[in-house]
Each structure stands twice: as structure tokens, then as C-alpha cells.
**Student:** 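Provided herewith is a single structure, encoded as C-alpha cells, for subsequent inquiry.
One-based numbering, in listed order, for ligands and for the atoms of each. Here, residue 1 is the first one in the sequence, and each next residue gets the next number. Values below: all heavy atoms of this structure, side chains included; hydrogens, waters and symmetry mates excluded.
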Amino acid sequence: MITFLSGGTGTPKLLRGMQKVMDRHEISVVVNTAEDIWISGNHISPDLDTVMYLFAGVLNTDTWWGIRNDTFTTHDEITRIGLDEFIAIGDHDRAVHIARGNMLRDGMRLTNITKNLCDRFGVRENVLPMSDTEVTTRVKTDLGLIHYQEYWVRSKGRIPIQGVVRCSKESPESSEEVLQAVAASEVVVIGPSNPITSITPILECRSLKDALRNKFVIAVSPFIGNAPVSGPAAELMKASGFEATSAGTAGCYRDIVDLFIQDIRDPVEVKDAIRLDTLMTGEEKSIELAEKILHLADRN
Ligand code: GDP
């Protein structure tokens, strides 16, 4: 069994390869939920949706969010009527958000809801939200503290940020299911996800870091030089006091990672890092990287 820590783009690209080279029942994924948001009365969990749709074979892999060939009839109508739905939600995708929202309102745990939805989608992998506690990543801007989705989706990351804050009513803890998955794993892989908005929220859940301490932990950098492969990771790293590079990423994970992987093109030197081609431009590249990581995991 291998447990992966995942956001909604970089690690799912790696999982796309892993599901081809591993027994799918041997894959557990602990997914960030700090980007979750209620929109138009429904509950969006962008990273959980992406991982579930990927394993179900319905993910739109052009965008790495939403369902392939989805329609946007409801979104178009809602917007025409005048509602502020600032995220374009597909009709089939929305059905999942409606179902999840209803189950949450009924008092179900997000872990059980996710299992329920994954079963309906025929997912064989073990997909787990990082916690059943609600957590939200907000960013400090001149407009005040705003939800990460407001910053990245509504403002397209164009406004300056001065800091990143995690908000929750009670301090989030890892679910029993997450701790069991880690305990049953020989190796834990932190994929090339955003260290600040995707991985740190998972690592902040109570008990997880302790559970990782006696595991062999591999991390893959999302940076090449001083830029991430995609997305706002550089701005978020700087706003959190880290260098926006692989070295900064290694610094973020320094107390838990045993093996750090950076790209062969990366001009930044990270001591003792392994160099691999981490640019997953298509399924073949994802498979190649997955095989190499499994090889490294086996050697441990
Ligand atoms: P989010 O939840 O959509 O922000 O997605 P993640 O946090 O899972 O992933 C975002 C990160 O993935 C970005 O910082 C990118 O640099 C990284 N990323 C995307 N594609 C690749 C890739 O092919 N290789 C590597 N090394 N990183 C990637």
C-alpha cells in the first residue's frame, strides 16, 4: 500500500500514472479540503472532485477540474438570472456538489460521503478527505482576508497577497481512516502539489505528522527554478515566508521527508535530492515518473 498526499493538479497527474502501474486497491490518497467552498447552496470540494473523477475515468484532463464533456446549462442560467456564481460549474459536476451538500447538511462525515460518492463512480482506490473538520485557506490582501477561491478563481491571482491563513472553528484532526491508511503503507508520497495550499493543510491535521515520522516519505517538487509548473505557488510561498523554489519546498517539508525529487531541468540545487523528469505533459510521462518513483520506493 502507498498513501499519497494530494491537491487537485500536480499529484493527480502523478496518480494518473500510478493507477496504470500499481494495483488500484493498493492506492490510498489523502486529499486537501482547505479549498472547499459552498457555492449556490452546494458543496464544492475541488481537490476531492478531481481525484475522484480521475479514478472514475471521467475527469477533464485538459483543465484538471470538472467532468469531461460536461454541459453548463444551469451555470449559464444562474448567471443570467443574476446570481454571483464565480466558478463555472458543469451540470454533472453540480449533481455531485448537490449530493455532497445534502449529505453534509444531514450530518454525515465528509469521509463517509466521499466513500459513498466514490462507490457510485466505481472508484477502486481509497480516496480520503484530509479531515472531517471544516478548514478554509484564506489569503491576506488589500481587500482584507478572502477565500483562496476568491483570490485564484475570481481574481485570477492578479491581486497582491501578504499572507496565508488557515481558518477553522476547531483545530482539524486526521480521521481514523487517514491514520489507518498511513499505518498500512510502507511509503508515503507527497506529489508535486502546491506546498502552501494543498500539502501544508494536510500536514497541519493533528496526528498526521506523528504518523509520518516512522514512514519512508518521498516528496516531488512542483517547482523548476523560481517558477512552479503552473498556478500561484510562487506568490503563496513568498507570502508564507518561503523561497519560491524546490529549495523552499524542501524547507517546507524538512522535518518529514526522507527523499526529495526535483526535476532534471531545475537549476536550483537541493542537497541529496534525486533528479527525475517530473514534467508530466501527458499520460506516458505520468506513467514513466510513476514507475521511477515506485522503483525508488522499492529500494527503500
Ligand atoms: P491545485 O489544488 O489545483 O492547486 O493543485 P495541486 O496543488 O495539486 O498542484 C499544483 C501544483 O502542481 C503547481 O504548483 C504546479 O507547479 C504543479 N504541477 C503541475 N503539473 C506538474 C508537472 O507536470 N510536474 C511537476 N513537477 N509539477 C506540476
**Student:** Out of Gly8, Ser193, Pro192, who is nearest to atom 1 (P) of ligand 1 when you count heavy atoms only?
**Tutor:**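 Nearest heavy atom to atom 1 (P) of ligand 1 lies in Gly8.
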**Student:** Could you see which bit of Ser221 sits under 4.0 Å from ligand 1, with heavy atoms only: side chain, backbone, both or neither?
**Tutor:**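 Answer for Ser221: backbone.
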**Student:** Is any side-chain heavy atom of Tyr148 less than 4.5 Å from a side-chain heavy atom of Val165?
**Tutor:**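 SC-SC contact between Tyr148 and Val165 ruled out.
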**Student:** By number and element, which atoms of ligand 1 are closer than 4.0 Å to a non-hydrogen atom of Asn194?
**Tutor:**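 So the answer, numbered in order with elements, is 6 (P), 7 (O), 9 (O), 10 (C), 11 (C).
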**Student:** Which is closest to atom 15 (C) of ligand 1 by heavy-atom distance: Pro195, Gly10, Ser230, Gly191?
**Tutor:**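 Ranked by closest heavy atom to atom 15 (C) of ligand 1, first place is Ser230.
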**Student:** To which protein heavy atom is atom 23 (O) of ligand 1 closest, and what is the distance rounded to 0.1 Å?
**Tutor:**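 For this ligand atom, the closest protein heavy atom is Met280 N, 2.8 Å.
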**Student:** Establish whether Val123 and Ile113 are linked, either directly or via other cluster members, by ILVMFWY side-chain heavy-atom contacts under 4.5 Å.
**Tutor:**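 Same cluster: Val123 reaches Ile113 through Ile, Leu, Val, Met, Phe, Trp or Tyr contacts under 4.5 Å.
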**Student:** Under 4.5 Å between side-chain heavy atoms, hopping through other hydrophobics if needed: is there a path connecting Phe216 to Phe260?
**Tutor:**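 They do not share one cluster, since no chain of ILVMFWY contacts under 4.5 Å joins Phe216 to Phe260.
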**Student:** For ligand 1, indicate whether the residue Ala233 contacts it via side chain, backbone, both or neither (heavy-atom separation under 4.0 Å).
**Tutor:**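 Side chain only.
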**Student:** Using a strict cut-off of 4.0 Å, indicate which atoms of ligand 1 neighbour a heavy atom of Asp47.
**Tutor:**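 The list of qualifying atoms is 2 (O).
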**Student:** What atoms in ligand 1 come closer than 4.0 Å to a heavy atom of Glu35?
**Tutor:**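 In order of number, 2 (O).
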**Student:** How close do Pro192 and Thr11 get, counting heavy atoms only, and between which atoms?
**Tutor:**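 Closest approach of Pro192 to Thr11: N-OG1, 3.7 Å.
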**Student:** At less than 4.0 angstrom from any non-hydrogen atom of Ser198, what atoms of ligand 1 do you find?
**Tutor:**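 Heavy-atom distances to Ser198 below 4.0 Å select 2 (O), 6 (P), 7 (O).
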**Student:** Where is the tightest heavy-atom contact between Arg16 and Gly282, given as atom of each residue plus distance?
**Tutor:**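 For Arg16 and Gly282, the tightest heavy-atom pair comes out as NH1-C, 3.9 Å.
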**Student:** Considering only heavy atoms of Leu279, which atoms of ligand 1 have at least one such atom less than 4.0 Å away?
**Tutor:**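 Answer, ordered by atom number: 23 (O).
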**Student:** Would you mind checking which non-hydrogen protein atom is closest to atom 20 (N) of ligand 1, with the distance to 0.1 Å?
**Tutor:**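 Nearest protein contact, heavy atoms only, for atom 20 (N) of ligand 1 is Lys13 NZ, 2.9 Å.
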**Student:** For atom 24 (N) of ligand 1, what's the nearest protein heavy-atom neighbour? Residue, atom name and distance, please.
**Tutor:**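 The protein heavy atom lying closest is Thr278 O, 2.7 Å.
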**Student:** Looking at ligand 1, does any of its N/O atoms fall within less than 3.5 Å of an N/O of Pro12?
**Tutor:**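 No; the residue has no nitrogen or oxygen that sits under 3.5 Å from a nitrogen or oxygen of the ligand.
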**Student:** Check Glu150 with Arg138, please: is the shortest side-chain N to carboxylate O separation under 4.0 Å?
**Tutor:**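 Looking at Arg138 and Glu150, the cut-off is not met.
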**Student:** Looking at every heavy atom in both Arg166 and Ala34, which two are closest together, and how far apart are they?
**Tutor:**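 Scanning both residues completely, I find the closest heavy atoms to be CD-CB, 4.3 Å.
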**Student:** If we set the cut-off at 4.0 Å for heavy atoms, which region of Lys285 has an atom near ligand 1: side chain, backbone, both, or neither?
**Tutor:**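 For Lys285, there is no contact with ligand 1 at all, from either part.
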**Student:** Tell me which one of Leu117, Ile98, Asn112 satisfies side chain to side chain contact (heavy atoms under 4.5 Å, CB included) with Met103.
**Tutor:**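 One option only clears the test, and that one is Leu117.
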**Student:** Check each heavy atom of Thr197 against ligand 1 and say whether those closer than 4.0 Å belong to the side chain, the backbone, both or neither.
**Tutor:**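 Neither part.
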**Student:** Output the list of atoms in ligand 1 that are nearer than 4.0 Å to some heavy atom of Pro228, sorted by atom number.
**Tutor:**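 Near Pro228, meaning under 4.0 Å from one of its heavy atoms, ligand 1 has 14 (O), 16 (O).
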**Student:** Answer with yes or no whether the side chains of Asp49 and His97 bring together a donor and an acceptor at under 3.5 Å.
**Tutor:**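 Per modelled atom types, His97 and Asp49 side chains form a pair under 3.5 Å.
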**Student:** Under 3.5 Å, is there a donor on one side chain and an acceptor on the other for Asp76 and Thr79?
**Tutor:**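 Asp76 vs Thr79: no donor-acceptor pair found between side chains.
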**Student:** When the ring centroid of Tyr53 is compared with that of Phe121, is the distance short of 6.0 Å?
**Tutor:**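 Between Phe121 and Tyr53, which both carry aromatic rings, the centre distance is below 6.0 Å.
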**Student:** Atom 3 (O) of ligand 1: which protein heavy atom is closest, and how many Å away?
**Tutor:**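 Ranking protein heavy atoms by distance from atom 3 (O) of ligand 1, first comes Thr9 OG1, 2.7 Å.
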